[in-house]
Number of protein chains: 2
Amino acid sequence: MDTYQPMPSHVPVVVVGAGYAGLSAALELTDAGTPCLVVESADRVGGRTLTEQRDVVIDHGGQWVGRTQHHLLALAERFSCPTFHTYETGWHLERWSDGSLARYTGAAPEAAAGIAEYWEVAGRLDELAATIDIDDPTSSPHLEEWDSVTVRSWFDRTVVSPDARRRLDLAVQGVWSTEARDISVFHLLFYIASAGSFEQLMETDGCAQERRFHRGAQSPALAVAEQLGDAVRTSVTVLAMEQDDNGVDVHTDAGDVRAQWVIVATPPPATARIRFRPPLPVDRARWLQRSTMGDVAKVHVVYEAPFWRAEGLSGVATLYGEGSVGVVFDNSPDDASVGVLVAFIYGDRLRSWSASDQEARRQHVLETLTRLYGERAGAPRDYVEKNWPEDAYARGGYTANPAPGAWFEHGARGWRTPVGRIHWAGSETASRWYGYIDGAISSGQRAAHEVLDQEVPS
Amino acid sequence: MDTYQPMPSHVPVVVVGAGYAGLSAALELTDAGTPCLVVESADRVGGRTLTEQRDVVIDHGGQWVGRTQHHLLALAERFSCPTFHTYETGWHLERWSDGSLARYTGAAPEAAAGIAEYWEVAGRLDELAATIDIDDPTSSPHLEEWDSVTVRSWFDRTVVSPDARRRLDLAVQGVWSTEARDISVFHLLFYIASAGSFEQLMETDGCAQERRFHRGAQSPALAVAEQLGDAVRTSVTVLAMEQDDNGVDVHTDAGDVRAQWVIVATPPPATARIRFRPPLPVDRARWLQRSTMGDVAKVHVVYEAPFWRAEGLSGVATLYGEGSVGVVFDNSPDDASVGVLVAFIYGDRLRSWSASDQEARRQHVLETLTRLYGERAGAPRDYVEKNWPEDAYARGGYTANPAPGAWFEHGARGWRTPVGRIHWAGSETASRWYGYIDGAISSGQRAAHEVLDQEVPS
């Protein structure tokens, strides 16, 4: 990872991006004996995972792993990165805009307003999602119909109870890190199909939020990068690439390198900033350009102890209506040596919250936590924010969502079809677990095998 | 326009892009005595206007001027670029997917299927558009509601007659060069307000399609560039910009230049490819990234004479349903020395047409024209295509449309608010005639005055 070495003049494969997708592609190539060079704009690897080792491990980005996320589990095992079950024992809280607070266990309060219809809609979404082939999503007979309608319109038209709509809106914010107006019904359904079910996306036990990493979710990425050694160069930005019949000239701000194949494993908006010669085919260019990063901030608040547990609370809370915070989780370390709450802020509410100054933002979050967990929540020993839209490299999180119409108009050829010697990885190119670390890993492995199938000389 | 001169090391103002916006900004600065340098990626000026001087003048891009487009009319007068009235004498044709052909005069056949409801909807669109303040569009009390719904959904919900819906779909394709699923109702209404009325967008006499340029619509741009002389550098691409308190370092592929102010006058997707340091504010970055170029191709077919005129036909045709061509106009020169038909192909129909090979594309267009104008239309003396999504610089046309949600979420601060010393021009930043040459010119003038108001030393 020494950035002061000169760039090699030739390498069989250049991998762009050292998030989980790029690192996994490079690992797969290296395992197969094919040399590669990974270049990464940021001064670190891990992409949209970022673990800060304070006196407590803070995961600013992606943090969970679920039992059907086999690629991430296998990588974690290979590199000895142990996990533990997400804490969710005790009462969860729901706060409504009228100030009322409900306690519940399980996925949602049994008799709350809108809850019956919420489950009906969830069931309907699963049924519709099951009709989509995740390896060939644009073959769906309903593609045009579902991709022409925003999720907002669909909820407004089909969901009767305003409370059910509020629950569904928060589900969209929490899972897609965007607002229901920004994505189409087709993308919503594809994403559900990609994860397996609506429940997989939403829940903890057996689902996407099941386990956390003792050393943080970036730790497997750091271990892969260490193994790859000098093959990973950070603080190197790819500005342009020129492809000819025999290879690709990759132009970076640290010099040029000639490759026989390239795997681009950056988020779609970052890929769209690279100047490709010849220009990318229209479908691929438009697909990239119409995929927009989500909007999420994570705020970690650290206490001497997870005091809410003693009161029978799980630390899980969902907040509707007024206020910026959408969801709260207990993010304490497994040994509970300190207490950590993480507040997620999404979409519209993130835009208003991030327009305030730092003191006002902090005060707002602490007031929210105090209403949920009492006075002690107002006096943390540490408070730390990560606003992903302002991250200079990722420029958003968790994932990029295509705009309404993009799947129908450009998905068939634009989603991930290789362009000559340029192959595509990244979580947004995954069939399974699109948008998740697991999808990033499988996409990198897939792209590596696309290249290895081309008889790369070692 | 000599690209072999070295770049100057300092200049008060750098203008990025030599379309009508950038050229107009530079002209305004020059008129005020402030030196500037215009840099343009392409090897020509004019942006999305492109006139080819064959034995007949062919306007591959923007071509019309209407009587309320005062900025373009004034520029044309200053640089002595005469215009003539668009030919529309005689019967217009409408072809339906069942093969039936109707003749009519005026804006639409009086008694055709769906026509009454079409006019009702047009009237309703005008009423709703009139509530939007084009200088402050995001102040609309209906912003969130209208920006959350695609035009497709709105038509499906509010328009009863399928024929009226087909007419409205073609109107969206013809004016916005996109499909109804890709834009929000708010953007549709803003765009109508920006032009003045739905009729202004759709019609010829007194409206946006009223007149053409004898020497082509690029001719005023060429004249401005000639006057600016060495201040315009073509074939120079801006790769990055670094802004500090005192100025902006503009990094190009032909060297670096330091400016006190910068006016960026490129289409939003091109602007989004520039690497800004510090990164643009999230609202501006997202606005740019979520603005997608439209999809249009123009096909010119040249005959010995405008033979359809003798048969009482205007050359204007609109085509619904099967086939690729959406609209046809008589694009002959004013003296009718030869006959020229121009076929417009949009959106979904452009995507299927452009997937065929050149011979199949040509055959399809000629067959279409033959069905409209008889056998003689099948034997042209010339045939020439311009598919704008494949243009390496514009990458689409006529204009960029923001995705659903983008006006609501990012429009207030992201649409055109200057970022320090960087100011924004381009047709997509115009209040009046957004998307048109006229809007490009006024936007360039506005940006120039924003800079001149800052006490630029001359």
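The shown structure was predicted, so the numbers you read here are calculated from the model rather than taken from an experiment. Residue numbers start from 1 in every chain, and the chains themselves are labelled A, B, ... in the order their sequence lines are given, proteins ahead of strands.
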Heavy atoms only: give me the nearest [X]-[Y] pair and the separation to one decimal.
X	Y	answer
A:Arg275	B:Ile274	NH2-N, 3.9 Å
A:Ser177	A:Tyr398	OG-N, 3.1 Å
A:Leu350	A:Ile345	CA-CG2, 3.5 Å

inquiry  = I'd like to verify something: which residue of A:Arg273, A:Gln289, A:Arg152, A:Arg395 has the highest number of heavy-atom pairs under 4.5 Å with chain B?
reply    = A:Gln289

Chain B contacts, top residue of A:Pro278, A:Pro279, A:Ala392, A:Pro269 (heavy-atom pairs, under 4.5 Å) = A:Pro269

Measure [X] against the heavy atoms of chain B and call it side chain, backbone, both or neither at under 4.5 Å.
X	result
A:Val149	both
A:Ala272	backbone
A:Asp182	both

In terms of heavy-atom proximity below 4.5 Å to chain A, should [X] be classed as side chain, backbone, both, or neither?
X	value
B:Thr237	side chain
B:Leu280	neither
B:Pro389	both

request  = May I ask you to check if A:Arg416 and A:Trp424 form a cation-pi contact, with NZ or CZ under 6.0 angstrom from the six-membered ring centre and within 45° of the axis?
outcome  = no

note = Max heavy-atom pairs within cutoff under 4.5 Å with chain A, candidates B:Asp283, B:Asp295, B:Asp147, goes to B:Asp295

Selection from B:Met293, B:Glu390, B:Arg286 maximising heavy-atom pairs under 4.5 Å formed with chain A = B:Arg286

B:Pro281 vs B:Val419 side-chain heavy atoms within contact, under 4.5 Å = yes

message = So, taking the atom named CD in B:Glu179 and the one named CG in B:Asp348, what distance separates them when rounded to the nearest 0.5 Å?
response = 3.5 Å

query = So, B:Thr266 and B:Thr271: side-chain donor and acceptor under 3.5 Å apart, yes or no?
reply = yes

